[in-house]
Amino acid sequence: EKGGYDHFMLKEIFEQPKALSDCLRGRINAEEGTVTLGGIEGIMDQLVNARRIIIAACGTSWHSGLVGEYLFEYLAKVPVEVEYASEFRYKEQLIGEGDVMIVISQSGETADTLAALREAKSRGALVLGVVNVVGSTIARETDAGVYIHAGPEIGVASTKAFTAQVTVLTMMAIKLGLYKKTIDNKEAKKLIGELAQIPAKIEEILESTDEIKEISNLFSYAPNFLYLGRSYSFPVALEGALKLKEISYIHAEGYPAAEMKHGPIALIDEMMPVVVIAATQHTNDKMISNIEEVRARKGRIIAITNPGNEEVEDLAEFKSIVPETMDVLSPLLTVIPLQLLSYYIAVNRGCNVDQPRNLAKSVTVE
Ligand code: M6R
């Protein structure tokens with residue numbers, strides 16, 4: 001059932017090229033520059049006219065929502081707020097007609113997410129789902145939605161659901177951008193063409209895991225980890241830290257790289273592994289200064305970067321290289337080494353990778 005892998009998590013990490021191909025199949029056309037999403041074709045007018053989009057989710061799905069915020073704002077110029085589903089209900093309820101809520105859930109059964117969905121719906125918002133499990137409660141209760149088609153995810157640590165959620169959000173943002181004319185056909189063709197190459201690029205990352213294994217072996221007994229990223233890489237930093245926390249029980253924090261100087265930089269010494277995600281061109285110079293700050297305090301730098309990024313490579317003690325892509329699509333690649341890092345560290349520490357302590361695959365209590 002684990003298909004020859006030691007754990008479901010590893011199997012699911014390696015399934016990502018296929019999961020994303022399944023997710024994209026029949027939905028994108030790179031020659032024409034079009035995106036077809038059967039589940040939301042009928043509500044596109046409402047989506048186009050949305051005053052704002054509120055994304056509600058928990059855990060890893062909340063992280064993909066944060067990537068979604070960058071995607072929708074950049075490609076479709078619509079304001080987006082990302083809420084922890086569990087907090088949404090306790091805020092002043094300013095949501096209503098003209099607003100669109102997107103709920104993201106792998107299981108489709110998360111109680112907090114379901115509660116946010118019901119609250120938004122009762123106030124007249126249009127609620128869309130980005131869900132994996134077909135026919136789940138969230139899928140049934142949303143007004144419309146897009147399945148991620150990642151296949152069953154058994155490991156408690158979410159991996160392929162994250163990349164498939166981000167893939168769906170990317171397709172939705174391109175589609176909305178085309179409707180709103182905030183991107184033109186030429187840009188759409190480029191984005192879709194690049195998106196179509198993502199499964200093969202993930203395959204490439206998965207073909208050589210030696211560097212990540214070596215880094216995992218060196219840092220398996222570190223008590224703390226920091227993950228830093230900017231822009232599209234910031235949610236990836238949060239996701240990398242969550243993966244490490246939940247399966248290896250190492251304390252880890254993800255931060256926007258520039259926030260470091262407002263506090264967390266005090267934590268850095270020669271004992272602290274700092275994972276920096278430096279694989280987006282538009283933030284490269286700024287990331288280099290952040291890496292220099294860490295280096296000056298003797299932090300152990302592990303860089304996730306692109307081929308030929310010599311400045312980053314020179315500054316980092318360790319590196320893991322991911323293929324180049326457009327900045328907007330980079331989370332789909334940069335998260336892969338972080339999933340592997342947490343997996344190999346957890347295995348080294350003898351942890352129960354697929355069923356970490358205190359956690360359940362779907363959290364059906366509020
Ligand atoms: O099924 P959902 O996507 O609604 O689940 C949300 C979170 O409980 C989930 O992502 C959790 O954070 C994972 N264990 C993360 O790996």
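First listed ligand is number 1; within each ligand, the first listed atom is number 1. Everything quoted here is computed from the prediction, not taken from an experiment.
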inquiry  = What protein heavy atom lies closest to atom 8 (O) of ligand 1? Include the residue and the distance to one decimal.
reply    = Val363 CG2, 4.1 Å
key: Residue, atom name and distance, where the atom is the protein heavy atom closest to atom 5 (O) of ligand 1   = Thr110 OG1, 3.5 Å
inquiry  = Any nitrogen or oxygen of Ser61 lying under 3.5 Å from a nitrogen or oxygen in ligand 1? Just yes or no.
reply    = yes
message = For a 4.5 angstrom cut-off between non-hydrogen side-chain atoms, does Leu128 reach Met172?
response = yes
query = Does ligand 1 have an atom under 4.0 Å from some heavy atom of Val156?
reply = yes
message = Check this for me: does any side-chain nitrogen of one of Lys201 and Glu194 sit under 4.0 Å from a carboxylate oxygen of the other?
response = yes
ask   = Would you say Ser362 has any N or O atom under 3.5 Å from an N or O of ligand 1, going by distance alone?
value = no
query = Got a salt bridge between Lys77 and Glu73, using NZ or NE/NH1/NH2 to carboxylate O under 4.0 Å?
reply = no
Positive for side chain to side chain contact (heavy atoms under 4.5 Å, CB included) with Ile345, one of Leu218, Ile215, Leu244 = Leu244
ask   = Any N or O on Ile104 sitting closer than 3.5 Å to an N or O of ligand 1?
value = no
request  = Taking the side chain as every heavy atom from C-beta outward, state whether Met101 and Val103 have any pair of such atoms under 4.5 Å apart.
outcome  = yes
ask   = Heavy atom under 4.0 Å from ligand 1: found in Lys243's side chain, backbone, both, or neither?
value = side chain
inquiry  = Under the salt bridge (charged side-chain N to carboxylate O under 4.0 Å, His left out) test against Lys160, which residue among Glu15, Glu12, Glu153 passes?
reply    = Glu15
ask   = When the ring planes of Trp62 and Tyr84 are compared, do they come out parallel, tilted or perpendicular, using 30° and 60° as the limits?
value = parallel
query = So, do Tyr227 and Tyr255 have ring centers that fall under 6.0 Å from each other?
reply = no
inquiry  = Show, in sequence, the C-alpha distance, side-chain angles and deciding distance for Lys245 and Glu253, and conclude whether the salt bridge (Lys or Arg N to Asp or Glu O under 4.0 Å) test is met.
reply    = CA-CA 9 Å; Lys245 278 182 270 209; Glu253 291 198 57; over 6 Å; no
key: For atom 7 (C) of ligand 1, closest protein heavy-atom neighbour   = Cys58 O, 3.6 Å
message = Using a 4.0 Å cutoff against the non-hydrogen atoms of Ala157, which atoms of ligand 1 qualify?
response = 16 (O)
remark   = Under 4.0 Å between heavy atoms, the region of Glu246 that gets near ligand 1 turns out to be side chain
ask   = Does the N or O separation between Thr60 and ligand 1 drop below 3.5 Å for any pair?
value = yes
query = Can you find an N or O of Ser107 that's nearer than 3.5 Å to an N or O of ligand 1?
reply = yes
query = By number and element, which atoms of ligand 1 are closer than 4.0 Å to a non-hydrogen atom of Gln106?
reply = 1 (O), 2 (P), 3 (O), 4 (O)
